[in-house]
Amino acid sequence: MHRRGVAHVITIAVDPEYRRRGIGKALLCTAMQLLADGKVSEVFLEVRASNTVAQALYKSAGFEQVEVLRSYYSDGEDGYRLSLRDKKKAREFCLYVEKPLDNAR
């Protein structure tokens, strides 16, 4: 979703059977393309403190932690708010994203 020049990634979910094929990267790149194209000035998202796999993906894309969200999730787990404003990083990350359907076969 994007409003007022900011895109908020609500969720990225990939069926466990299809993970490690670039689908998550492609989904993330879709939001990042809004930044790369100048349609928004920031992309942000929240991630569970325990989800180190997702955190690694987001950090590899250039996202930086901007806030700790205490007891953010309904089970009481903390979350982190991550943000990306760097158009160059967004473009560079998306250059290396393969078409996931090519890998799903």
Side-chain angles (χ1 to χ4, degrees):
M1 145 173 52
H2 74 88
R3 291 186 201 156
R4 298 186 193 126
V6 177
H8 183 188
V9 176
I10 304 295
T11 189
I12 293 178
V14 178
D15 186 301
E17 183 179 340
Y18 293 95
R19 289 182 184 159
R20 312 282 310 154
R21 299 183 186 189
I23 296 169
K25 284 182 179 181
L27 292 170
L28 182 59
C29 184
T30 300
M32 293 175 67
Q33 199 62 50
L34 293 170
L35 177 63
D37 293 345
K39 294 179 181 172
V40 299
S41 60
E42 177 185 15
V43 176
F44 74 95
L45 54 86
E46 295 80 25
V47 62
R48 285 181 174 270
S50 64
N51 193 344
T52 56
V53 173
Q55 289 174 42
L57 169 63
Y58 301 142
K59 288 180 181 179
S60 75
F63 282 82
E64 297 178 353
Q65 180 180 319
V66 295
E67 186 177 1
V68 175
L69 305 166
R70 300 283 177 217
S71 300
Y72 182 74
Y73 292 95
S74 61
D75 62 1
E77 184 175 357
D78 291 347
Y80 301 130
R81 179 162 290 129
L82 306 180
S83 173
L84 178 65
R85 293 176 179 232
D86 189 323
K87 291 179 184 185
K88 183 179 177 186
K89 285 183 182 179
R91 278 192 293 276
E92 288 173 355
F93 179 79
C94 290
L95 282 175
Y96 300 104
V97 173
E98 294 182 32
K99 296 176 185 172
L101 293 179
D102 292 344
N103 295 329
R105 295 182 186 155

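Note that the structure is predicted; figures quoted are calculated from it, not measured.
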Are Asp86 and Phe93 close enough, and set up right, to give a side-chain contact (heavy atoms from CB on, under 4.5 Å), and what steps lead you there? CA-CA 11 Å; Asp86 189 323; Phe93 179 79; over 6 Å; no
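Considering Val43, Thr30, Leu27, Leu82 in turn, Val43 is the only one that fulfils the side chain to side chain contact (heavy atoms under 4.5 Å, CB included) rule with Val9. When each of Gln65, Glu46, Glu64 is checked for a side-chain hydrogen bond (donor to acceptor under 3.5 Å, both in side chains) with Arg81, only Glu46 meets the rule.
Rounding to the nearest 0.5 Å gives a distance of 12.5 Å between CD1 of Ile12 and NZ of Lys25. To the nearest 0.5 Å, atom CD of residue Gln55 and atom OG of residue Ser50 are 8.0 Å apart.
Side-chain contact check for Leu45 versus Thr11: every heavy-atom pair is 4.5 Å or farther apart. Counting heavy atoms from C-beta outward, Ser71 and Glu77 have side chains that stay 4.5 Å or more apart.
If you chain together hydrophobic residues whose side chains sit under 4.5 Å apart, Val68 and Phe63 fall into the same group.
Looking only at distances, no side-chain donor or acceptor of Glu42 sits under 3.5 Å from a matching main-chain atom of Gly5. Without hydrogens or angle criteria, Asp37 side chain to Lys39 main chain gives no donor-acceptor distance under 3.5 Å.
The ring pair (Phe, Tyr, Trp, His ring centres under 6.0 Å) analysis of residues 30-57, with sequence neighbours excluded, yields the pairs His8-Phe44.
The pair Asp75-Arg48 meets the salt-bridge criterion, since a charged nitrogen lies less than 4.0 angstrom from a carboxylate oxygen.
For Leu34 against Ala7, the heavy-atom pair with the smallest separation is CD1-CB, 4.1 Å. Closest heavy-atom contact between Tyr80 and Leu69: C-CD1, 4.1 Å. Between Cys94 and Met32, the closest heavy-atom pair is SG-CB, 4.1 Å. Nearest heavy atoms, Thr52 versus Ala49: CG2-O, 4.5 Å. Between Leu84 and Ala90, the shortest heavy-atom contact is CD2-CB, 4.2 Å.
Val53 belongs to no multi-residue hydrophobic cluster, having no ILVMFWY side-chain contact under 4.5 Å with any other such residue.
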